[in-house]
Each structure stands twice: as structure tokens, then as C-alpha cells.
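Following: one structure in C-alpha cells, then a few remarks.
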There are 2 protein chains.
Amino acid sequence: MLHDIVRDFGHLTLGTRLRRVGEMLQANTQQIMQAHGVDLPAAHYPFLAALDRNGALSVGELADVIGITQPGATRTIGQLAEAGFVEIAASETDQRRKQVTLTESGEKLVAFAKENIWPGVEAAVRDMCTGLEGSFLDQLAAIEDGLKKHPLIERYNSKNEPPSDRKQT
Amino acid sequence: MLHDIVRDFGHLTLGTRLRRVGEMLQANTQQIMQAHGVDLPAAHYPFLAALDRNGALSVGELADVIGITQPGATRTIGQLAEAGFVEIAASETDQRRKQVTLTESGEKLVAFAKENIWPGVEAAVRDMCTGLEGSFLDQLAAIEDGLKKHPLIERYNSKNEPPSDRKQT
DNA sequence: ACACATTACATAACAGGTTATATATCGCGT
DNA sequence: ACGCGATATATAACCTGTTATGTAATGTGT
């Protein structure tokens, strides 16, 4: 069998590797959400969480809080608005700013996720991270292996009731 | 000041966070290469390294070795071929397979990087990872902070001669 | 008060990954 | 030898981030 060259290269290819694991985790998280009937790209959740925590925020503030660049925030906010989860309004005091707020639908979504899904996801990821030892590279390798062996949704399901679809109110 | 919500959320947003750090590292690495006159997207280097190590490989083998999906490999290989660093030839025994090999230009590039750049990059990343302690999340936070404070190229330059442009042979 | 830099957001093009699916060749069973 | 599943690659569409740059509104110095 061929080697995993990215892993072999150690620190040299750490960037590629972190990115790869991150993408895998995002996909896993999205899968869990979907199993609950919530169908939204994984990267949208930090926006909803930030608005839930902080109330109305401008585009730039959201980018800051979430740690991405402003154009990325602009796009995601646009998609969330199109999906009806947030509202975008021009600030009254400064016509350049856009105030972003959760709609009622968005608030309901966050409430549901906060109550029923996110704690389980957090627990599943924490489960995967417990017992890790050694250097950062060692721990990362353990996570890669652990995630391949037991995907997040498996860890999630083993700790939770089988999900009940939120759409069937 | 507003919080970094992705970090606050702990394990819940680990995916987004890993991805973010990975992208930063890739960008840093690319920057160092560029300072040496080598202008190639960061994700292309694992391909060159794999071909250098293993000799000719098929598209699927490259995807395996590097740990990405086959369509991703197909695209990157196409770009490398266009840049003249690899050659794509149909296998003689199996018309479905494409054998990918380094061109002379590709071999020179790898030789130069292996000799003059990659060791320094590896050392810079290792430098950033030394002395890390605590949980995976703690170490990740330390890396985020360390990278923001001292980008890779700074660590690299402090340990190496100022780069000499390889093009001016 | 007006010129001009600064700020906030939008837009465009790209990087680097993904899934889903099409296409062509191979190889195997009957 | 022929049909058909399996395999190798390609293509298309998408996600999520990035730079670089444009545009409109704001504020500031003279």
C-alpha cells in the first residue's frame, strides 16, 4: 500500500492536513444537522450563533467575530437572508452599515439547535478529543484515525436518542 | 472588543477552526516559496513531492497518497501539466490509466525546493509547534496566536539566509 | 465648504476541497 | 465471444475560504 505522503512530510504539509481534517469535521457536523431535518451548510451556523449571542451585528462585525474576511461574510449573510433566517437592514445613523438580525424563523432554528443538537455535537467532538496525548502532530494523527474509524454521527447517535425530525411539529 | 465566537464555542466549531488555520498555513508556505521565486499554489507541492519520492503514479494513486479525492487530483495534475512540471501519458497496459511523471523542469523544481526551501519551512512550522502543551484545543489556540504574532515567513527568515532568487541562474 | 482620505460593503476572480455523475476501458462469467 | 459489472478518469456543480478592487457614504483638515 502507498504511504500517506502528507502525513509523512510532518510539519511541512501541516496546512494541507489541518484543512483536510477541518473539512471532514464540517461535513460530519452538517450530516448530523441534516439527520435532524435542518438542512444548512455547516459554515452558516457560526453566523446564527453569533447573532443569537450578540444581537444585531453589522457585516464587518460578523466577519470579525467569526474570524473570516469581509467578502466571505457578505456572501454567507446573503445566503442566510435568502433562506429567510436573517434580515438585512441599512443602519439609520450610517448608510454604509448593514445591520443583520435573526428573523423569527432564524431564532426558532437557533433555539432548536441549541436545545437539541449542538450539545450532542459538542459532546461527540469532545469524545473524539479525549485521551489524546503527545505532540500536536501525534494528536492530529489520532484525530484523523479516530474520525475515519468512528465518524461523528456514530459517536453522536450512541449518546443521543435517535433524532426526531423537527419539521413534523 | 468582540469575542472570537468560533473559539468560544469550543469543540462545536472545531472543523471551521482547523480549516481556517490550515488555510493560513498554506498561504504562509506559499509566501515563502514566492520569496524564492517559485510561484505555485501551495496545494501543488504534495503532488511534486509524491512523484519525486515514488516515481510515476496514476491519477488515482496520487489522490490516495495525498489523501484527497480523485477529481481534486485530476484538476491539480492538469494544472501542473499546463505549467510544464508534469507529463501525463496513457498507460500502455491499461488505456484507462494515466501515468503522471515529473518533467525535467519539474525535477529541477523539486530538487531546488528540497535543497533550499522545504527544510526551512519544516523548521519554521516545527518551531511554531514546539513547547505546545495542554489539550488539543489549547494547542490549537496557541498555534493560532503564534501564527498571528509571528507569521511563518518571519520565523523562516530568522533562521535562513535571505532567499536568493532561483530564476537568476 | 470642499477636497480627500477612510470606512463599509459589494463584486469578481481564484484556490482547493467536496459530491454526484458520465464515459471509456477492462476483465470475468457463461 | 459477448454481455455486463467494476475500475479509472473526467466533468459539472457546489462550498467555503481567499485577494484585489470598485463604489458609496462618512468624516476631517484647511
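Here is the naming used below: chain letters follow the sequence lines, and residue numbers restart at 1 for every chain. In what follows, every heavy atom counts, from backbone to side chain, and hydrogens, waters and symmetry copies are set aside.
- The shortest distance between the side-chain N/O atoms of A:T69 and the OP1/OP2 oxygens of D:dT18 is below 4.0 Å.
- Taking the nucleotide of DNA chain C with the nearest heavy atom to each of B:I68 and A:P71, the more 5' of the two is matched to A:P71.
- Within the 3.5 Å criterion, the main-chain N or O of A:G84 finds a donor-acceptor partner in the side chain of A:T103.
- Judged purely by atom type and a 3.5 angstrom limit, B:T76 has no side-chain atom pairing as donor or acceptor with the backbone of B:A73.
- For C:dC9, neither phosphate oxygen OP1 nor OP2 lies less than 4.0 angstrom from any side-chain nitrogen or oxygen of A:T74.
- Toward the 5′ end of DNA chain D lies the nearest nucleotide of A:Q79, the other residue of the pair A:Q79 and B:A27 mapping further downstream.
- Counting atom types as modelled, A:R96 pairs no side-chain N or O with a base atom of D:dT26 as donor and acceptor under 3.5 Å.
- Counting distance only, with no hydrogens placed and no angle test, the side-chain atoms of B:R75 and the base atoms of C:dG17 include a donor-acceptor pair under 3.5 Å.
- Ion pairing between B:R97 and B:E61 holds under the 4.0 Å rule for side-chain N and carboxylate O.
- Residue order along DNA chain C, read from the 5' end via each residue's closest nucleotide, puts A:R97 first among A:E23 and A:R97.
- We find that B:K148 and B:E144 are not joined by a salt bridge, their nearest charged nitrogen and carboxylate oxygen being 4.0 Å or further apart.
- Scanning atom types as modelled, one donor and one acceptor separated by under 3.5 angstrom connect the side chain of B:Q70 and the base of D:dA10.
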